[in-house]
2 protein chains.
Amino acid sequence: MQTIAPELAELAALIADPGRAGILSRLMDGRAQAASELARVAGVTPQTASWHLARLVERALLKVERRGPRRLYRLATPLVAQMLEGMMTVAAIDPQPSRPLPWIDAEMRRARTCYDHLAGELGVAVTDAMREHGHLHLDQEAGELTASGRAFLRDLGIDLRSPARSRRLLCRPCLDWSERRPHLAGRAGAAVADLALQRDWIRRRPQGRSVEITAAGLVAFRDLFGARI
Amino acid sequence: MQTIAPELAELAALIADPGRAGILSRLMDGRAQAASELARVAGVTPQTASWHLARLVERALLKVERRGPRRLYRLATPLVAQMLEGMMTVAAIDPQPSRPLPWIDAEMRRARTCYDHLAGELGVAVTDAMREHGHLHLDQEAGELTASGRAFLRDLGIDLRSPARSRRLLCRPCLDWSERRPHLAGRAGAAVADLALQRDWIRRRPQGRSVEITAAGLVAFRDLFGARI
DNA sequence: GCAACGCTTCGATCATGATCGAAATGTTCA
DNA sequence: TGAACATTTCGATCATGATCGAAGCGTTGC
């Protein structure tokens, strides 16, 4: 039975090193980072990080662009982010009753971006609020934006039309590994996160992929979305 | 930045061994298999397979049930299957221009089950046909069953109502790693696969997770679904 | 109870790959 | 052109874990 198992193992081996896992995790916000920053989060020397990065690029998990004397690395495709989402979900479950759950950084748990959409308590609260207001149907597997939801996002100034065809799919669930419940992803989720950044409801923290909810953001998420946050 | 990276690496390390990857791949059809069968597909001795299986169970990727003198292993949750789907998708891409694509077993490419739904050429053909008949909207991220699609499945004898609430989500895409295009998954996909097995349109092959399309199945998929297969 | 069978545990061996110091490469700016 | 800086390459060392033979355990059936 010739199958894909060898490639699967090879891919997994690439993620199996704590340094490389840290690098990939750091890049899950979709932005590009310099090699030195990635060496820092991986907790290794620059030369070791360079070795790791070369392997990740070679296997096309990352792509690199030169910006002056530094090299910026980012996830090669959204597919890689989606794969990592799925792995983190399983990694966070680990329902070994005896073993205590890993303590997760409070800022990460509170609010972060997951590639292009909101995650953490914030992401789940916004999703729950939209669901309660009838803007959204969502379960672990699938999601659907209602007419009410389309109108709601339109009123917020989000244009969901795109150069694609008229009938479009906007909404998918993404299982939040820290909250263990689904939050809004897909085009609609990305649009909400974009809006929040543009209106300064959230700000990216200089390091890590957690975000800070501004005072204006707290008001907006509560009043506009009805989120309990 | 305390994050989930160490757990991610640990999880990946578990999949990074070719033997364990083969075992997990073999179990992707959702059924339980005996340790000896899994040793065979992994290409290792029974004692080595036992060691691998113990690690996978300990980390809750698999669960085991004793059936007489033998032990049957299966994926612990659908979440594990979904994670492996995502990894296989990335593993199959590997767009290194120089390296030739792995040759994929013809039977696997033709038709197989992906946990609970159809995959391979068959899965994609059925999905495409449903899409062309307006039963389905599907892109890489999200999916939606139309009213026409609900009626179509109802006429086939598929009852999509479940003990859950009335407005339900049935449909998600699953990126087919051999065809590199999305096929139908979620509750609707599982229902179609169930139907095909019940009506003997497909038969599970004794070993491996590829399935055989019967003569009746070929007719059914072509005439009932309009699939080009 | 005993034999047959499936599976697991133990112990020793062996290979792979992660690491960092040192040095080289490449880019920018003066 | 030369200095400063980011990153990569090279080489040697070291730790982890995959493997299988041999032996042990547990279940079934006679």
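Basis for what follows: all heavy atoms, side chains included, without hydrogens, waters or symmetry-related copies. The structure displayed is predicted, hence computed values, not measured ones. Chain letters run A, B, ... following the sequence lines, proteins first and then strands; every chain starts at 1.
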(message) Is the terminal nitrogen or CZ of B:R180 (NZ for Lys, CZ for Arg) located under 6.0 angstrom from the six-membered ring centre of B:W177 and within 45° of that ring's axis?
(response) no
Please check the phosphate of [N] (OP1 and OP2 only) for any side-chain N or O of [X] closer than 4.0 Å.
| X | N | result |
| --- | --- | --- |
| B:H52 | D:dT19 | yes |
| A:T48 | C:dT19 | no |
| B:Y73 | C:dT8 | yes |
| A:T45 | C:dG21 | no |
| B:R20 | D:dA18 | yes |

(message) In terms of relative ring orientation, are B:H183 and B:H117 parallel, tilted or perpendicular, with 30° and 60° separating the classes?
(response) tilted
(request) Hey, which sits more toward the 5' end of DNA chain C by its nearest nucleotide, A:G19 or A:P69? (result) A:G19
(request) Let me know, please, whether A:P18 or A:R71 comes out on the 5' side of the other along DNA chain C by nearest nucleotide. (result) A:P18
State whether the side chain of [X] and the backbone N or O of [Y] hold a donor-acceptor pair below 3.5 Å, judged by distance alone.
| X | Y | value |
| --- | --- | --- |
| B:R112 | B:A119 | no |
| A:T113 | A:D116 | no |
| A:R205 | A:V211 | yes |

Nearest-Å distance for atom pair [atom1]/[atom2], residues [X] and [N]:
| X | N | atom1 | atom2 | answer |
| --- | --- | --- | --- | --- |
| A:R59 | C:dG17 | CZ | P | 13 Å |
| B:E65 | C:dG6 | CD | P | 18 Å |
| B:L53 | C:dT9 | CG | C1' | 14 Å |
| A:L14 | C:dT16 | CG | C1' | 15 Å |
| B:L62 | C:dC7 | CG | C1' | 16 Å |
| A:Q47 | C:dA23 | CD | P | 13 Å |
| A:I23 | C:dA18 | CD1 | C1' | 12 Å |
| B:D17 | D:dT16 | CG | P | 18 Å |

(request) Identify which nucleotide among D:dA18, D:dT9, C:dT19 has an atom closest to any side-chain atom of B:W51, counting heavy atoms from C-beta outward. (result) D:dA18
For [X], answer base if it contacts any base atom (sugar-phosphate contacts may also be present), sugar-phosphate if it contacts only those atoms, and nothing otherwise; contact means non-hydrogen atoms under 4.0 Å.
| X | answer |
| --- | --- |
| B:A34 | sugar-phosphate |
| A:S36 | sugar-phosphate |
| B:R67 | nothing |

